[in-house]
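Data block below; observations after.
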There are 2 protein chains.
Amino acid sequence: MGRRAEALELAVLGLLHDAPMHGYELRKRVNSLLGWGRAFSYGTLYPALKEMVRRNYLAEDAPADATATQPARSGRRGKIVYKLTPEGKERFADLMAQTGPSAWDDERFGVHFAFFGRADAETRMRILLGRRNRLQERLDQFRSSLSRTRERLDAYTLELQRHGLESVEREVKWLDDLISAEQASIGTTTAQARATKPRATAGEPPADPTENEGENGR
Amino acid sequence: MGRRAEALELAVLGLLHDAPMHGYELRKRVNSLLGWGRAFSYGTLYPALKEMVRRNYLAEDAPADATATQPARSGRRGKIVYKLTPEGKERFADLMAQTGPSAWDDERFGVHFAFFGRADAETRMRILLGRRNRLQERLDQFRSSLSRTRERLDAYTLELQRHGLESVEREVKWLDDLISAEQASIGTTTAQARATKPRATAGEPPADPTENEGENGR
DNA sequence: TGCCCGATGTATCATTCCGATACATCGGAT
DNA sequence: ATCCGATGTATCGGAATGATACATCGGGCA
């Protein structure tokens, strides 16, 4: 199926879990959900949506808007609202429950993480751990290959390498913090509304006192 | 031609500038040069190499290795060493001198930066500035879109957003530092071998929004 | 001595994916 | 009144990937 398409499928399923949407908005949401990464194009989204309808994960729905009576207007190209079917919910649950490399993959980890609120604690932990280990591994072989060829690099190339390394290191640290937070919350939670936030670092950047945190709503 | 292919072309040209190589090693070097990003596959590399040979940027060369005499062995699939032609050097210089979005693009910035040592100071500065502004812009619209929909996000999604934001902010800071370093070295250097390293973490932050080409991504 | 195996090496191809574009409607600014 | 940018659905040529095939080589080891 292709890793990327799989990530897209999960993202669509997850977003439609909250509310029905049409393609245009879906695309914006998916791409802002993953923010940083490469954006999905319509050439990927629409075929994917069709396939998902075909498999009965989604249902199309053309809402009768204000202009109620729309008779046999053939060439009419109306808005199409997609919503989740029960099969779609099931599919989402299946995909979320996966803990193999297909979950901590570069392409797919972000989507999985975004919907962690709908996964169980054990799954979360396995994915976090898997992701962390993969990055750590990559870090190690990168470092060793660097030390083998360091002498012949000019200053800019070297700086690029250093910066890349630092980024991945930071990523690992982020994951470590998240893992700690998860572990802490396992101890304190059994059948009770959890209030612990996954945020465990002492950051200040946004300077923006928000109270959000409904934990996972719906 | 495709952004990605262009990045690959520049990387190949730049690497062969130092020493001839064959495809296998070329691929390893290119991919470790960019480290973090997506790796190029052979299905991309070999066709690209052929095209570059066709355009006369590269010359193939089957070196007579230690086992000197290799007679009319027909089906022999030998190693192919690629080396830069004068046209190739020219092409490299042309690509490096570009300062449009095609230089500070997500795909291409890294390669350009890696070979900054062979670009002049003015080009370096323009690319750095362009890249910085592009990221800053992306940051702004991301922040505003976040504040518009913040209330309905669950904790994990929010954390993902926050982390993405932080990464880009850090990237901008990195660029700011590099820009400061470049500016400092402009003052002290005219027609002299520069020994200053690009790394100098005493940034004079943004200060001045110079001209920018905006070009939008998603 | 022979054999196996992982690294090196070149090459291709079906499938997947992107980027550009076409087409259409709508609300708001001038 | 009309222009224009945002919203919206859809497709297609071509670019890129991931998998695979094929081949050589050096070294470990029974």
Side-chain angles (χ1 to χ4, degrees), chain A residues 1-9 11 20-31 34 37-51 53 58 60-63 65-67 70 73-82 101-102 105-108 141 145 148, chain B residues 1-9 11 20-31 34 37-51 53 58 60-63 65-67 70 73-82 101-102 105-108 141 144-145 148 214-218:
Chain A
M1 189 185 181
R3 319 186 165 190
R4 208 144 155 69
E6 231 175 81
L8 179 57
E9 184 186 12
M21 261 178 268
H22 29 248
Y24 186 83
E25 193 180 358
L26 218 28
R27 177 183 185 256
K28 279 198 308 181
R29 297 255 197 151
V30 170
N31 286 335
L34 286 332
R38 294 144 64 217
F40 286 95
S41 71
Y42 290 119
T44 307
L45 176 64
Y46 281 113
L49 287 175
K50 280 189 177 171
E51 174 64 14
V53 168
L58 305 183
E60 293 186 4
D61 197 8
D65 52 44
T67 66
Q70 198 59 255
R73 188 68 192 83
S74 63
R76 188 73 160 84
R77 197 201 298 227
K79 301 188 182 182
I80 302 172
V81 174
Y82 294 91
S102 59
D105 191 72
D106 276 333
E107 304 274 14
R108 288 171 275 211
Q141 67 186 95
S145 92
R148 254 186 283 112
Chain B
M1 188 183 182
R3 319 187 164 186
R4 206 141 156 70
E6 230 175 79
L8 179 57
E9 184 186 10
M21 260 177 270
H22 29 247
Y24 186 83
E25 192 180 358
L26 217 28
R27 177 180 186 258
K28 278 198 308 181
R29 297 256 197 151
V30 170
N31 287 335
L34 285 332
R38 292 144 66 218
F40 286 95
S41 70
Y42 290 119
T44 308
L45 176 64
Y46 283 113
L49 286 176
K50 280 188 177 171
E51 174 64 15
V53 168
L58 304 184
E60 294 184 4
D61 197 8
D65 51 45
T67 65
Q70 198 60 257
R73 190 69 193 80
S74 62
R76 189 72 159 83
R77 196 201 297 227
K79 302 188 184 185
I80 301 172
V81 174
Y82 295 90
S102 58
D105 189 74
D106 278 333
E107 304 275 14
R108 302 174 186 100
Q141 66 187 93
S144 73
S145 92
R148 253 186 285 113
E215 192 65 14
N216 93 38
R218 42 188 86 247

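Below, chain A is the first sequence line, B the second, and so on; all start at residue 1.
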Taken in chain and number order and not counting sequence neighbours, the residues that satisfy salt bridge (charged side-chain N to carboxylate O under 4.0 Å, His left out) with B:E107 are B:R4, B:R38
Contacts of B:G23 and B:E107 projected onto DNA chain C by closest heavy atom; the upstream (5') one is B:G23
Rounded to whole Å, the CG-P distance (A:L45 to C:dA20) equals 18 Å
* Asked: Using a cut-off of 4.0 Å on non-hydrogen atoms, how would the nucleic acid contact of B:A39 be classed: base, sugar-phosphate, or nothing?
  -> sugar-phosphate
Which of D:dT17, C:dC18, C:dA11 is nearest the side chain of B:K50? It is C:dA11
Against the side chain of B:K28, the closest entry in D:dA16, C:dT8, D:dT11 is C:dT8
The residue, B:H22 or A:R3, whose nearest nucleotide of DNA chain C is more 5′ is B:H22
Query - Under-4.0 Å side-chain N/O to phosphate OP1/OP2 contact, B:S41 with D:dA16 - result: no
note: B:E51, atom CD; C:dA11, atom P; distance rounded to Å ~ 15 Å
B:L49 CG to C:dT12 P, in whole Å, measures 12 Å
Atom OH of A:Y42 and atom C1' of C:dA22 are separated, to the nearest Å, by 14 Å
Across all chains, not counting sequence neighbours, the ring pair (Phe, Tyr, Trp, His ring centres under 6.0 Å) partners of B:F40 are none
Here the distance between atom C1' of D:dG18 and atom CZ of B:R38, to the nearest Å, is 13 Å
A:I80 CD1 to C:dT25 C1', in whole Å, measures 15 Å
Closest to the side chain of A:Y24, out of C:dG9, D:dT7, C:dC17, is D:dT7
When A:R27, A:K28, A:R29 are each screened for side-chain hydrogen bond (donor to acceptor under 3.5 Å, both in side chains) with A:E25, the one that passes is A:R29
Side chain to side chain contact (heavy atoms under 4.5 Å, CB included) evaluation trace for A:L49 with A:I80: CA-CA 11 Å; A:L49 287 175; A:I80 302 172; over 6 Å; no
When every non-hydrogen atom of B:S102 is compared with those of B:E6, the smallest separation belongs to CB-OE1, 4.4 Å
note: A:Y46, atom OH; D:dT9, atom C1'; distance rounded to Å ~ 5 Å
Q. Quick one: is C:dT10 close enough that its OP1 or OP2 comes under 4.0 Å of any side-chain N or O from B:R27?
A. no
Side-chain contact check for A:K79: nearest option of D:dT11, C:dG9, D:dG8 is D:dG8
Rounded to whole Å, CD of B:E25 lies from C1' of C:dT8 at a distance of 11 Å
